[in-house]
Protein chains: 2
Amino acid sequence: MRRARGEAATLTLVTGGRTERADAAANRRRILEAAARLFAERGVERVTMVDVARAAGVGQGTLYRRFPSKGALCLALLDEQMRDFQAMVLSQLSAMAQENVPWMDRLGWFLEALVHFHATHIPLLSAAQHEVPQPEEFIASAPFHWERMTVIGLLREAARHGEIAPAQDLRLIGDLLLAPLHPEVFYFLHASSGYTLEQLSAALRASALALARA
Amino acid sequence: MRRARGEAATLTLVTGGRTERADAAANRRRILEAAARLFAERGVERVTMVDVARAAGVGQGTLYRRFPSKGALCLALLDEQMRDFQAMVLSQLSAMAQENVPWMDRLGWFLEALVHFHATHIPLLSAAQHEVPQPEEFIASAPFHWERMTVIGLLREAARHGEIAPAQDLRLIGDLLLAPLHPEVFYFLHASSGYTLEQLSAALRASALALARA
DNA sequence: CCCATAAGCGGATTTGTGTCCACTTTTTAG
DNA sequence: CTAAAAAGTGGACACAAATCCGCTTATGGG
């Protein structure tokens, strides 16, 4: 497994003084659209990167320049698909703020929303997690990072408002709450072990309360 | 990614009327030893299957006949390395039974033992989980299955002895407790997020109590 | 011991992920 | 407008995981 070349590309984009070229931006768009279509039709595993490049009308070098691995391509798609979800979450949390909903109830709601989002996106989540070259890349990615920050943030606010004990290591509690949402664990729980989404949601809500108040 | 051929080999071994041939058994031994050595020296990722075959003095076809993927080889090694650990666990649980230790304390001890086992075997655990062709193969494997059965078993005994409420869905609680021990999650918690083994052990013990009594 | 059968063998080959680098195109400053 | 610099391109190529199948060997029954 060789050094991921996209790292260099990423650094170039970040440190360069120029904006992204128009042709490159258009190609990126094309690649993402082709990948989304092919993955939805055939499943990630049965689509090769050559397939994606062909469907996008670009060469392999172009594809890899932009997405250093198949896993990175999946993560980029996941990031896009999460945009709407994130907007919905922010909107709903806003509405709850207007109504002064208890923070732990907001957390419970968010965990349930996560369960449903993960359930409807399990193919791409699972592929993203499995296709990244380095094991820890998935958890360190932007989508999972956002989930984590939100959970920990809600816990912190709950503590600040006296709903839970402030001495808790809230970061660790947040991480423990999110562990079952790791794609492989989640797939095992939902698809293999047969727990319903309602069961999982209820369990996470109960966990949040139990852990935060223990 | 083509159909795993080892499935056919496995079925043959199970349904065949014959015992394993002596040469095949010896080759299997040789392969496992070579792999253990090379993986320990260079890390799983830097060792190719050709390296293992050469070191074992067998051909590639022989290697793959026995271990359908690199991940399966890792799992087999993990299974072996877990033997001593399992024996130690059984022995310790026996000793606790003699002393009538509360079941939840036994569970807490087991969870802590798991944390330590996972910490000292994270390279192989991580590789096994990441190298298996199908995402769910790891969790369904024998080592993880044993962990799961033991945790759920201890919870059930705790309920039977009135230490925790029996109405709980103990299976789900056990699964939630084990989620942070999934290799990728565990690596993230311990190596990336900086939680010590003591912190993780304490958190799992507290989780067990909180979840089971909630 | 012999023979038939089934298990087992291995190295050439395939496949998909990822790399390489000479060439092309876009952008910006003068 | 022009030239230089930097971003970007793509298809040949490398590599490691995995497959294939004709050939070999071990086993058990007669």
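Values in this document were obtained by computation on a predicted structure and should not be read as measured data. FYI, side chains are in, hydrogens and waters are out, and symmetry mates aren't considered; it's all heavy atoms of this structure. Letters A, B, ... are given to chains in the order of the sequence lines, protein chains preceding strands, and every chain is numbered from 1.
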Should we say atom CZ of A/R46 is surrounded by more than 12 heavy atoms from elsewhere, each under 6.0 Å from it?
no

Ring-plane angle category for B/F186 and B/H190, please: parallel below 30°, perpendicular beyond 60°, tilted otherwise.
tilted

When rounded to whole Å, the CD to P distance for the pair A/E45 and C/dT15 reads 17 Å

Could you list the donor-acceptor pairs under 3.5 angstrom formed between side-chain atoms of residues 172-179 of chain B and any protein atom two or more places apart in sequence or on another chain?
{"from": "B/D175", "atom 1": "OD1", "to": "B/R148", "atom 2": "NE", "distance (Å)": "2.5"}
{"from": "B/D175", "atom 1": "OD2", "to": "A/Y195", "atom 2": "OH", "distance (Å)": "2.7"}
{"from": "B/D175", "atom 1": "OD2", "to": "B/R148", "atom 2": "NH2", "distance (Å)": "3.1"}

Give each protein N/O atom lying under 3.5 Å from an N/O atom of nucleotides 11-13 of chain D, with the pair distance.
{"from": "D/dG11", "atom 1": "O6", "to": "A/G61", "atom 2": "N", "distance (Å)": "2.9"}

For B/R65 and C/dG8, is the shortest distance between a side-chain N/O and OP1 or OP2 below 4.0 Å?
yes

Whole Å only: how far is the OH atom of B/Y64 from the P atom of C/dA7?
23 Å

For DNA chain D, which residues in residues 22-33 of chain B have a heavy atom at a distance below 4.0 Å?
B/A22, B/D23

Aromatic ring proximity B/F110/B/W146, centre distance under 6.0 Å:
yes

May I have the distance from B/Q134 (atom CD) to D/dA18 (atom P), rounded to whole angstrom?
11 Å

If we only count heavy atoms from C-beta on, is the B/L125 to B/Y187 side-chain gap below 4.5 Å?
no

In whole angstroms, the gap separating P of D/dA16 from CG of B/L63 amounts to 15 Å

Check whether the side chains of A/E147 and A/H118 place a donor and an acceptor atom closer than 3.5 Å, and report yes or no.
yes

Tell me: CZ of A/F67 to P of D/dG8, nearest whole Å?
13 Å

Could you please name the option among D/dA18, C/dT19, C/dT25 that lies closest to any side-chain atom of B/S69?
D/dA18

Any ion pair linking A/R42 and A/D51 (charged N to carboxylate O, less than 4.0 Å)?
yes

Rounded distance (Å) that lies between atom P of C/dG16 and atom CZ of A/R46
13 Å

How many Å lie between NZ on B/K70 and P on C/dT15, as a whole number?
22 Å

Considering only heavy atoms from C-beta outward, does the side chain of A/M49 approach that of A/L73 to under 4.5 Å?
yes

Need one value for B/V52: base, sugar-phosphate or nothing, where a base atom within 4.0 Å counts as base even if backbone is also close, heavy atoms only.
nothing

The nucleotide from C/dT27, D/dT27, D/dA18 with an atom nearest the side chain of B/R21 is D/dT27

Does the plane of the ring in B/H182 sit parallel, tilted or perpendicular to the ring in B/F138? Use 30° and 60° as the thresholds.
perpendicular

Length of the CD-C1' vector between A/E20 and D/dA7, whole Å:
10 Å

